[in-house]
Protein chains: 2
Amino acid sequence: MVTIYDIAKKANVSAMTVSRVINNSGSISQKTRKKVEAVIEELGYIPNSSARSLTSKKSKILSLMVTDITNPFFTNIARGAEDKAMQMGYQLMLCNSDENVEKESKYIDMLISTGTDGVLAAPANDSSKKNLQKLAKYKIPYVLIDRYIEDLACDQVLSDNEMTTKRLLEHLIKQGHKKIAIVNAPLDIATAKERHHAYLDTLALHELPMNENWIYQSHFLQDSDISDTIKKMLALPETERPTAIFATSNFIGMNAVKYLKENEVKVPEDIAVVCYDSIPNYFGNEPFLTSAEQPSYNFGYFGAQLLIERVENTAPATPRKIVLPSELHLGASSLFKRK
Amino acid sequence: MVTIYDIAKKANVSAMTVSRVINNSGSISQKTRKKVEAVIEELGYIPNSSARSLTSKKSKILSLMVTDITNPFFTNIARGAEDKAMQMGYQLMLCNSDENVEKESKYIDMLISTGTDGVLAAPANDSSKKNLQKLAKYKIPYVLIDRYIEDLACDQVLSDNEMTTKRLLEHLIKQGHKKIAIVNAPLDIATAKERHHAYLDTLALHELPMNENWIYQSHFLQDSDISDTIKKMLALPETERPTAIFATSNFIGMNAVKYLKENEVKVPEDIAVVCYDSIPNYFGNEPFLTSAEQPSYNFGYFGAQLLIERVENTAPATPRKIVLPSELHLGASSLFKRK
DNA sequence: CTGTTAGCGCTTTCAA
DNA sequence: TTGAAAGCGCTAACAG
């Protein structure tokens with residue numbers, strides 16, 4: 001392994017001079033710099049990050065904590081974060097919490113151990129607060145993406161849950177729906193809570209009936225098995241049965257369609273479905289499921305940007321908050337006018 | 001920051017004893033161990049990985065090099081690799097090469113700098129050889145996934161390109177196709193080359209005609225724009241026009257279907273399409289596109305397993321090779337018998 | 001079973 | 001503009 005001492009010896013300078021050249025710090029004569037750079041090139045020197053971190057307390061490593069990278073929403077976030085990180089000379093560590101605060105906690109310790117410079121985190125739920133506070137205790141900056149947590153003074157990149165929910169529901173209302181159900185995740189997840197409240201607010205705004213039998217809880221993981229939910233919904237008396245479902249996530253929406261079909265319920269004729277978030281539309285044709293597409297790549301890209309500014313101390317002291325709008329894509333799953 | 005010296009002082013032992021407790025190395029009396037562990041717990045000690053790496057030359061970091069994490073094939077690999085890594089106490093660094101050897105090279109240097117313990121790599125193409133040899137020069141083990149490279153003595157987890165290609169083509173042949181085109185990626189990528197040869201071999205085996213106008217080259221990235229390819233194909237005289245397309249990747253297959261439809265060609269009536277690799281089937285219904293589903297998660301999971309064995313020196317000296325079979329999913333895109 | 005010493009490769013601090 | 005010394009937190013090697 002080539003060290004700065006090897007370079008120093010060959011270039012007839014001190015190790016310190018080599019360090020200055022590498023880091024572009026202090027002042028160096030043009031001649032010395034050229035000489036050192038030539039030797040670095042010649043010997044193919046690659047700096048040792050561990051040694052560097054040990055003294056400088058900087059690792060040039062950013063970390064991304066998501067609940068599951070296989071959710072396309074998070075996949076795109078990862079890509080956006082990685083692009084920005086690479087562009088700014090950082091590497092990206094990947095962590096999957098599986099919506100599990102304990103697993104998340106274990107990761108946080110590993111990240112602290114590794115000396116990550118900052119963390120881009122979509123926390124599992126409100127109990128993740130202690131994990132984030134642990135980061136703060138170690139003076140490691142973090143940026144919340146997708147899910148905020150109360151009373152944490154940090155930068156955030158969030159979805160416009162209120163507006164997007166409202167638009168999805170008003171689309172259903174325009175189609176003539178009056179009995180609208182919501183299938184959501186646990187309310188200790190910020191996005192679930194906000195979408196829940198926006199659901200209630202929008203129904204109230206339009207003076208539509210509410211019914212606790214129309215409020216269902218599943219979760220945000222891929223295998224959100226909502227067959228029981230659907231069964232319960234179908235078991236309601238005709239007059240009480242919802243004519244539309246608002247799914248608060250892509251997987252919930254897809255599973256709703258899947259289980260409705262399995263139960264021989266026609267979508268959208270019998271029950272319409274809309275969902276928050278989308279899946280990539282690889283085929284380029286009109287997708288079936290009406291959804292609100294989030295600019296997921298930018299959650300990662302902007303998030304990494306904010307984080308790096310925090311890490312490099314070029315950010316204002318006050319926390320910043322970016323709210324990203326979604327784009328509605330109407331599909332057959334909700335395009336059926338009710339009289 | 002709490003160090004082993006803080007622990008040592010408080011527990012009235014030497015730093016070395018603390019180190020031994022933490023690493024479960026050497027022998028320690030039950031009493032000392034308990035005492036030290038209590039203090040570690042009390043002070044909330046988290047080891048400093050940089051310091052550890054600097055002396056031990058081990059970072060407990062594995063790296064994953066893929067061409068693009070947003071390709072579902074690689075997303076699942078990442079999940080599999082991360083699961084295994086976490087399970088064995090390693091963290092995972094993510095790198096997207098975008099099929100670009102230069103970008104890959106830049107990453108390799110960063111990984112060497114960070115002191116990664118090993119790399120799970122889907123190399124960009126045959127020219128990636130020099131990048132991998134650089135890793136070898138630094139004694140960093142690597143495992144090739146998905147794409148092998150000649151004359152590199154290393155563990156590999158590969159797809160059964162020959163068999164899978166043969167099965168896809170024989171399915172088309174059974175449907176009565178005699179003029180089968182291939183849309184592939186550059187042949188300096190191992191998977192492309194193997195699928196190319198398997199294509200020729202299978203046609204020969206069945207004594208079917210070959211035609212250089214049926215061999216097209218695109219690439220494996222998501223935006224494989226094959227509209228020109230499709231136009232060229234459609235411009236062939238009726239008698240020479242292929243009746244089926246073998247797409248060598250998921251994105252090529254999807255884009256083929258997309259552009260055929262845009263050109264008002266009926267799939268499968270006018271031209272049938274099958275593809276190697278698949279996309280996740282979230283809706284649970286029969287997918288349209290006939291595809292060969294690879295066990296992508298296991299590419300990552302097994303790959304990480306082999307890599308860790310290599311890193312921890314518990315692997316046999318001779319390179320190991322795992323070949324994973326694919327599963328055919330027949331869809332409407334090829335289910336039309338030709339007379 | 002436990003401790004001492006030295007040093008990993010680099011940067012910070014101070015001095016020249 | 002350059003260099004010397006010290007030390008980051010930990011573990012390998014040796015000693016007892």
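Order of the sequence lines sets the chain letters (A, B, ...), proteins ahead of strands, with each chain counted from 1.
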- [ ] Just call it for B:Ser50: base, sugar-phosphate, or nothing, with non-hydrogen atoms closer than 4.0 Å on any strand.
- [x]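 Since no nucleic acid heavy atom lies under 4.0 Å of B:Ser50, the category is nothing.
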
TODO: Indicate, with a heavy-atom threshold strictly under 4.0 Å, whether A:Ser25 touches base, sugar-phosphate, or nothing.
DONE: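 Since no nucleic acid heavy atom lies under 4.0 Å of A:Ser25, the category is nothing.
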
If you measure from the Lys or Arg side-chain nitrogens to the Asp or Glu carboxylate oxygens, is any gap between [X] and [Y] under 4.0 Å?
X	Y	value
B:Glu99	B:Arg147	yes
A:Arg33	A:Glu37	yes
B:Lys129	B:Glu150	no
B:Arg310	B:Asp155	yes
B:Arg79	A:Asp68	yes

Task: Point-to-point distance, once rounded to the nearest 0.5 Å, from OG of A:Ser127 to CG of A:Asn100 - done: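 If I round to the nearest 0.5 Å, the distance is 10.5 Å.
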
TODO: Report yes if the distance between the aromatic ring centroids of A:Phe74 and A:Phe299 is under 6.0 Å, otherwise no.
DONE: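 Judged by ring-centre distance (under 6.0 Å), A:Phe74 and A:Phe299 do not meet the cut-off.
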
Which whole-number value in Å describes the distance from [X] [atom1] to [N] [atom2]?
X	N	atom1	atom2	answer
A:Lys31	D:dT2	NZ	P	9 Å
B:Lys60	D:dT11	NZ	P	12 Å
A:Leu54	D:dG7	CG	P	14 Å
A:Lys57	D:dG9	NZ	C1'	8 Å

Open item on the list: Using a strict heavy-atom distance below 4.0 Å, which residues from residues 3-23 of chain B are in contact with DNA chain C?
Closed with: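 B:Val13, B:Ser14, B:Met16, B:Thr17, B:Arg20 - these, ordered by number, are the residues of the stretch whose heavy atoms sit under 4.0 Å from the strand.
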
Open item on the list: Going 5' to 3' along DNA chain C, between which two nucleotides do contacts with chain A fall, using a heavy-atom cut-off of 4.0 Å?
Closed with: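 Terminal contacting nucleotides, 5' to 3': C:dG9 to C:dT12.
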
Task: B:Val143: which of B:Leu306, B:Leu62, B:Val311, B:Val119 passes side chain to side chain contact (heavy atoms under 4.5 Å, CB included) - done: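 Of all the options given, the one that passes is B:Leu306.
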
Open item on the list: Can you see if the side chain of A:Ser27 gets near the phosphate of D:dT2 - specifically, an N or O under 4.0 Å from OP1 or OP2?
Closed with: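 It does not, given that no N or O in the side chain of A:Ser27 lies less than 4.0 Å from OP1 or OP2 of D:dT2.
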
